[in-house]
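Count residues from 1 along the sequence.
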Amino acid sequence: MDGHPGPAPDTVTVLWCTTDGDERRTAHTLLLRAAARALRVPVSGLRLDHEPGGRPVIGGVAEAPRVSLAHARGALAVALTDRTPVGVDVEVVRELRADALARSWLHPAEAEWVAGLPERQRSVAFLWLWTQKESVGKARGQGLRRGGMSRPVPLPERWPPAASLTPRPLPGAAHLTSSAVIVGEGRYVLGLAWVGAVRAGAVRTRVRRVDAADYA
């Protein structure tokens, strides 16, 4: 016995990598092979299906992990977990009209926070929030429909943020949890979300950079 009452904690694993092209195909391959390794089954027996709302699901096994995937130019990420509906997103850090985008798309408190940062930090801060919103929409299985962009996500306790995921509940929606992390020496932002409250020890997160060739 491990001394902890109740069910074993769920683990959300995020694998990400860079790629020279065909990010979508590489993300699908990585997701299926990562799922096969987790399940200890041949990858040939698995397939990638989608629910009507677009959420990816692993087919071919009775008890498949919950999964999500994302790709941007030159980068991709996948997330797997045993029980918790999960969403992941990745964005390439680049110069944006962050103030204008924040005013147009984000919650007013978030737009105010972005505007209050030094100008050179606003683009990555906008993406830090954006990736979480995308991830929340994926975890809920409905994307950014029904006010997904205006739904507030947790603002960081400090900026620049921690170098690891620090999941926190969404304001006014304690049943949803999200976080983001800057990876790749500042070149990418990963967002992660799941359906479920943050309870001590209930969900663990693990982020790992991989070589896509190892999953080819």
Side-chain angles (χ1 to χ4, degrees), residues 1-16 27 30-31 34-35 37-39 48-59 61-70 76-91 106-107 109-110 127-157 161-183 189-208:
M1 299 195 49
D2 61 8
H4 296 284
D10 200 2
T11 298
V12 180
T13 299
V14 179
L15 306 176
W16 74 276
L30 174 59
L31 182 59
R37 289 188 184 186
L39 295 167
L48 184 61
D49 297 329
H50 292 83
E51 295 178 351
R55 188 205 307 264
V57 293
I58 300 295
V61 289
E63 297 185 6
R66 302 292 189 103
V67 299
S68 182
L69 59 84
L76 58 95
V78 303
L80 305 91
T81 177
D82 287 340
R83 300 184 295 272
T84 306
V86 67
V88 71
D89 191 45
V90 61
E91 287 285 347
L106 303 186
H107 186 275
E110 296 169 337
L127 294 171
W128 196 86
L129 298 173
W130 179 278
T131 55
Q132 290 185 69
K133 291 174 186 285
E134 288 272 14
S135 299
V136 169
K138 292 179 179 182
R140 299 181 74 212
Q142 62 185 38
L144 294 176
R145 299 185 295 274
R146 303 176 188 174
M149 283 309 303
S150 60
R151 182 184 301 111
V153 296
L155 293 174
E157 296 177 335
S164 60
L165 290 168
T166 54
R168 296 162 59 202
L170 269 63
H175 64 294
L176 298 170
T177 299
S178 73
S179 186
V181 62
I182 302 168
V183 297
V189 181
L190 292 175
L192 179 68
W194 64 81
V195 178
V198 180
R199 298 187 303 276
V203 179
R204 298 171 181 168
T205 59
R206 180 178 62 176
V207 177
R208 184 160 60 95

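Put simply, the side chain of Trp16 does not reach to within 4.5 Å of the side chain of Val90, judged on heavy atoms. Considering only heavy atoms from C-beta on, Pro167 stays 4.5 Å or farther from Ser178 through its side chain. Taking 4.5 Å as the limit, some side-chain heavy atom of Leu48 sits within range of a side-chain heavy atom of Ile58. Side chains of Val136 and Arg151 form a contact here, defined as non-hydrogen atoms less than 4.5 Å apart. Between Ser164 and Val207, every side-chain heavy-atom pair lies at or beyond the 4.5 Å cut-off. At a threshold of 4.5 Å between non-hydrogen side-chain atoms, the residues Gln132 and Leu170 do not count as touching.
Annotation: side-chain hydrogen bond (donor to acceptor under 3.5 Å, both in side chains) contacts of Glu51 (sequence neighbours excluded): Arg55. Taking Ala34 as the reference, Leu15, Leu80, Tyr215 meet the side-chain contact (heavy atoms from CB on, under 4.5 Å) condition, with sequence neighbours excluded. Take His175 and apply the side-chain contact (heavy atoms from CB on, under 4.5 Å) test, not counting sequence neighbours, and it matches Ala173. By the side-chain hydrogen bond (donor to acceptor under 3.5 Å, both in side chains) test, Ser179 is found to be paired with no residue, residues two or more places apart in sequence or in another chain being considered. Shown here are the side-chain hydrogen bond (donor to acceptor under 3.5 Å, both in side chains) partners of Thr81, two or more places apart in sequence or in another chain: Asp10. Shown here are the side-chain contact (heavy atoms from CB on, under 4.5 Å) partners of Ser135, two or more places apart in sequence or in another chain: Asp89, Ala193. Shown here are the side-chain contact (heavy atoms from CB on, under 4.5 Å) partners of Val195, two or more places apart in sequence or in another chain: Pro85, Ala139, Leu176.
At distances below 3.5 Å, at least one donor-acceptor pair connects side-chain atoms of Lys138 with backbone N or O atoms of Leu69. Checking side-chain atoms of Arg66 against main-chain N and O of Val12 turns up no donor-acceptor pair under 3.5 Å. Distance alone, capped at 3.5 Å, is enough to place a donor-acceptor pair between the Glu110 side chain and the Val153 backbone.
Nearest heavy-atom pair, Trp128 versus Pro154, reported as atom, atom and distance to 0.1 Å: CZ3-O, 3.5 Å. The two atoms that bring Ala27 and Leu76 nearest to each other are N-CD2, 3.8 Å, heavy atoms only. When all heavy atoms of Leu39 and Pro65 are compared, the closest pair comes out as CD1-CD, 3.8 Å. Pro171 and Pro152 make their closest contact through CD-O, 3.6 Å (heavy atoms, listed as atom of the first residue, atom of the second, distance). Between His50 and Pro56, the shortest heavy-atom contact is CD2-CA, 3.7 Å.
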Report task. Dump the intermediate steps for side chain to side chain contact (heavy atoms under 4.5 Å, CB included) on His107 and Leu129, then the final yes or no. Result -> CA-CA 10 Å; His107 186 275; Leu129 298 173; over 6 Å; no
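Checked against Thr205 for a side chain to side chain contact (heavy atoms under 4.5 Å, CB included), the options Thr11, Leu165, Val14 give a single hit: Leu165. No option in Val67, Leu192, Thr177 other than Leu192 meets the side chain to side chain contact (heavy atoms under 4.5 Å, CB included) test with Val86.
The structure places CD of Glu134 at 7.0 Å from CD of Glu91, a figure rounded to the nearest 0.5 Å.
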